[in-house]
Structures are given as structure tokens and as C-alpha cells.
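Since the structure comes first, as C-alpha cells, the remarks are kept for the end.
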Amino acid sequence: MLAALQVVFGNFPTSFLKFPLNVVLTLLWIYVIFILYRDYRKKTFYGLLASHLATKVTITSLLLGALVIGLFPQLSPTEALVKQGWLSSLGVYNFMSSWIFVGILFFLLTHLGLVTVKALYNRKNNKKRFLLNHFGIWLAIGGGFVGSSDLQTLRIPVFKSEPNDVSYSMDGEKIYLGFEMKMKDFEAEYYDNGMPKWYKAVISMIDEDRVEDITLRVNHPYQKTLGEDIYLTSYDTANEMPEYCIVQVVRQPWKYVQLAGIVMAIAGAIGMFVGGPLKRKDYDDKLG
């Protein structure tokens, strides 16, 4: 079914699921999970969705999806469209946006949500560590899944001669940043073969009437806001004294949701480890 959708329609249209629609749909999704537990938990289909078998299927599917991502080069949507053949039609070259991978994540998160809700209604004393771990995993994966539409990776040439605010997405779309940048200074140190050992740039950030000078180094991003990081990625190698550098702006407003989920999952896992393994009866009681 998912493969057929991929062949007919191409990759999943993630662009329309931007804020606030993704938040609304996520809240609706969570509400449906609660309704499923409240009204349908004794139905056969619910038992299958929340079963140990479903756990094995979802984890195996996710691992296979990760294997596809690792085996095939992951390209931008524009580059992936150029590829030919049946593998390309299945979306393997931009697999994280394919109907197949989106379906795997949706099934995984729905199953995880059902298991977590079942544990939430259980009154055993040891449920807190289980909830902390499983809800943390849900947040970490779900934050990336739901927030992927709001993620922007932009590149902008920052010139020494004049300010610039025109950046480009990975698909070549022109996007105005809302602030300007100008290269104020540049330093680099080179190996004997001419390759750069390190380099840094002093950038003037002009936001309306406010000007701030920041220093960017490779792998040392500047955090402009909670969800916006600025990286130095390249520079003008044609001139001895570079006339521009290339800066990457990453806007990822959901990253702290994911971080919170990771912290919760680790804390829950530590609690489960310290508390010792659950007895089989307690585990079954916990899940329903």
C-alpha cells in the first residue's frame, strides 16, 4: 500500500505540514490514541496494534528503513527526482521523506503511544519509570517526525563588500533571512600542501537597527535563537584574501522537544535499570 502511494504520488508532501497545522494534527492524533484506549481496548484490532508482535514489527521495519538510508546516498528532493529506475520510484534516494518511511514512523509512534497510554491508566507503583522512558522515546522520535516540515537548512554567501540577506534552501529556493550579514574579517591557517588547517570569520549581523559582531569557526556554531543556529561551512578559495564566506543557517524549532524526549528516555531507562527488571506478570499488568 505504502509502496503503491510512493510510486503513484512520489514522496510524502511534508511541506504542507508546517506550523501550526502539524501541532493541531499531533494533538488530534494523541486524542485519537486516548479514544482508542478508552472505547476500543477490548477489540481485536486494538490488541494487535498494542501487542508484542506489533513491537517487533515496528522495530524491525525501522531498522530496515535505517538500513536503506545507510546503503543508498540520501539526496535533496530535486536531486532525487533526476534518478531513474524502480529503486528511485520507491524513494530510496530521499527515503526519510518517502511514504514508506513516513508510514513506518506513523505506525511506530501510534503503537508506542498506545502502549504508553495503557501504562498511564495502570496503577502499579513502578509505572513512572516506564512512562518516563516510553513517553521520552515518543517525544524524541515524534518531535523529529512532526517537526521535519519546520526544519530549514539555508546557505548564504556573506560578502566583505556589502550586506546580504538572500539565502538558498537545499532545493535552490530563494529565502530572505529577515536579517543581513556582512563579513568583517577572515583568518585562516594552512598546511604545507595548501589545505586549510583552520579558519574563522567575523560576521556583522544586522537586524534592523541592531548590529552584532560574531565569530564563526568550523564546527562551532553561533546560536542566534533557541531554534536557529549559524555555521561557517566554506569560503572564497580563489583569492588570497577571501572576499566572501559561506554560512549555513539551520532553523530547527522542534529540537528542544526532541532533546527533552531524549533526556526523559535516558532518565527512564536508568530508573528501569536501577529498579531492576519487572516480573513478567507486572509487565503484563503494566501494559494493560
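Counting begins at 1 with the first residue of the sequence. Hydrogens, waters and symmetry mates are skipped; everything else that's a heavy atom, side chains included, is used.
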**OP:** Please indicate whether Q223 has more than 12 foreign heavy atoms, meaning atoms of other residues, nucleotides or ligands, lying under 6.0 Å from its CD.
**Re:** yes

Original post:
Any side-chain heavy atom of P157 sitting closer than 4.5 Å to one from N164?
Top reply: yes

**OP:** Give a yes or no answer on whether the side chain of S97 reaches the backbone of N94 with a donor-acceptor pair at less than 3.5 Å.
**Re:** no

**OP:** Tell me whether F106 is reachable from V24 by hopping between hydrophobic residues (I, L, V, M, F, W, Y) whose side-chain heavy atoms are closer than 4.5 Å.
**Re:** no

**OP:** Working to the nearest 0.5 Å, report the span between CZ of F145 and CG of L105.
**Re:** 5.5 Å

Original post:
Would you say L2 and L62 are hydrophobically clustered, going by side-chain heavy atoms of ILVMFWY under 4.5 Å?
Top reply: yes

**OP:** Using the side-chain contact (heavy atoms from CB on, under 4.5 Å) rule, take D236 and N239 through it: C-alpha gap first, then chi angles, then the decisive distance, then the call.
**Re:** CA-CA 6 Å; D236 172 22; N239 296 292; 2.6 Å; yes

Original post:
A188 and Y199: which non-hydrogen atoms are nearest, and at how many Å?
Top reply: CB-CB, 3.7 Å

Original post:
Closest heavy-atom contact between L90 and A3?
Top reply: CD2-CB, 4.1 Å

Subject >> Heavy-atom pair with the smallest gap, counting every atom of Y40 and Y46 >> reply: O-CB, 3.1 Å

Original post:
Would you say the side-chain atoms of W29 and T110 include a donor-acceptor pair closer than 3.5 Å?
Top reply: yes

Original post:
If only atom types and distance count, is the side chain of K127 paired as donor or acceptor with the main-chain N or O of L120 below 3.5 Å?
Top reply: yes

**OP:** State, with a plain yes or no, whether a side-chain heavy atom of V158 is found less than 4.5 Å away from one of I246.
**Re:** no

**OP:** Check whether any side-chain heavy atom of I175 sits under 4.5 Å from a side-chain heavy atom of Q152, and report yes or no.
**Re:** yes

Subject >> Aromatic ring proximity, centroids under 6.0 angstrom, F101 and F95 >> reply: yes

**OP:** Give a yes or no on this: more than 12 heavy atoms of other residues, nucleotides or ligands lie within 6.0 Å of atom CZ of F9.
**Re:** no

Original post:
Taking it one step at a time, do D229 and K224 satisfy side-chain contact (heavy atoms from CB on, under 4.5 Å)?
Top reply: CA-CA 6 Å; D229 296 313; K224 186 176 185 295; over 6 Å; no

**OP:** Let me know which of L216, I214, T215 forms a side-chain contact (heavy atoms from CB on, under 4.5 Å) with V202.
**Re:** T215

Original post:
Nearest 0.5 Å, what's the CD1-CD distance between I206 and E208?
Top reply: 12.5 Å

Subject >> Test log, rule side-chain contact (heavy atoms from CB on, under 4.5 Å), inputs Y222 and I203 >> reply: CA-CA 11 Å; Y222 169 78; I203 306 292; over 6 Å; no

**OP:** Any chance you could measure T153, atom OG1, to Y231, atom OH, to the nearest 0.5 Å?
**Re:** 9.0 Å

Subject >> No-hydrogen, no-angle side-chain donor-acceptor test under 3.5 Å, N22 and S149 >> reply: no

**OP:** Would you mind reporting whether E228 and Q252 have side-chain heavy atoms less than 4.5 Å apart?
**Re:** no

Subject >> Side chains of M264 and F135 in contact at under 4.5 Å (non-hydrogen atoms) >> reply: yes

Original post:
Given side chains that start at C-beta, do those of M205 and F179 come closer than 4.5 Å, heavy atoms only?
Top reply: yes

Original post:
When you measure from the side chain of R41 to the backbone N and O of R38, does any donor-acceptor pair fall under 3.5 Å?
Top reply: yes

Original post:
Looking only at atom types and distance, does a side-chain atom of H111 sit under 3.5 Å from a main-chain N or O of L49, one as donor and one as acceptor?
Top reply: yes

Original post:
Taking all atoms of both residues into account, what is the closest heavy-atom pair of L232 and A201, and its distance?
Top reply: CD2-N, 3.9 Å

Original post:
What's the spacing between E173 CD and L154 CG if we round to 0.5 Å?
Top reply: 9.0 Å

Subject >> Close side-chain approach of M96 and I69, heavy atoms under 4.5 Å >> reply: yes

Original post:
Looking at SG of C245 and NZ of K200, how far apart are the two atoms once the value is rounded to the nearest 0.5 Å?
Top reply: 13.5 Å

Original post:
Does the distance from a Lys or Arg side-chain N to an Asp or Glu carboxylate O, for R251 and D150, drop under 4.0 Å?
Top reply: no

Original post:
With a 6.0 Å cut-off on ring centres, are Y121 and Y37 close enough?
Top reply: yes

Subject >> Heavy-atom pair of closest approach, residues K255 and L226 >> reply: CE-O, 3.1 Å

Original post:
Going only through I, L, V, M, F, W and Y residues with side-chain contacts under 4.5 Å, is there a path from I104 to F107?
Top reply: yes

Subject >> Check: Y235 ring centroid to F186 ring centroid under 6.0 Å >> reply: yes

Original post:
V32, L114: one ILVMFWY side-chain cluster at the under-4.5 Å cut-off?
Top reply: yes

**OP:** Can you establish whether the number of heavy atoms outside M241 located under 6.0 Å from its atom CE is more than 12?
**Re:** yes

Subject >> Closest heavy-atom pair and its distance - Q74, V92 >> reply: NE2-O, 2.9 Å

Original post:
Is L109 reachable from I30 through a run of I, L, V, M, F, W or Y residues, each pair having side-chain heavy atoms under 4.5 Å apart?
Top reply: yes

**OP:** Taking only Lys NZ, Arg NE, NH1 and NH2, and the carboxylate oxygens of Asp or Glu, determine whether K182 and E180 approach each other closer than 4.0 Å.
**Re:** no

Original post:
Do N11 and W99 have side-chain atoms, one donor and one acceptor, less than 3.5 Å apart?
Top reply: no

Original post:
Parallel, tilted or perpendicular: which fits the ring planes of F16 and F12, with parallel below 30° and perpendicular above 60°?
Top reply: tilted

Original post:
Does the side chain of Q248 come within less than 4.5 Å of V250's, by heavy atoms?
Top reply: yes

**OP:** Answer yes when E243 and K160 have at least one side-chain N-carboxylate O distance shorter than 4.0 Å, and no when they do not.
**Re:** no

Original post:
Got a second to check how far F273's CZ is from I266's CD1, nearest 0.5 Å?
Top reply: 14.5 Å

Original post:
Would you say the side-chain atoms of S88 pair up with the backbone N or O of K83, donor to acceptor, closer than 3.5 Å?
Top reply: yes

Original post:
Near N193 CG, under 6.0 Å, is it more than 12 heavy atoms from other residues, nucleotides or ligands?
Top reply: yes

Original post:
Can D213 and K184 be said to form a side-chain contact (heavy atoms from CB on, under 4.5 Å), step by step?
Top reply: CA-CA 8 Å; D213 289 343; K184 189 174 182 179; 2.7 Å; yes

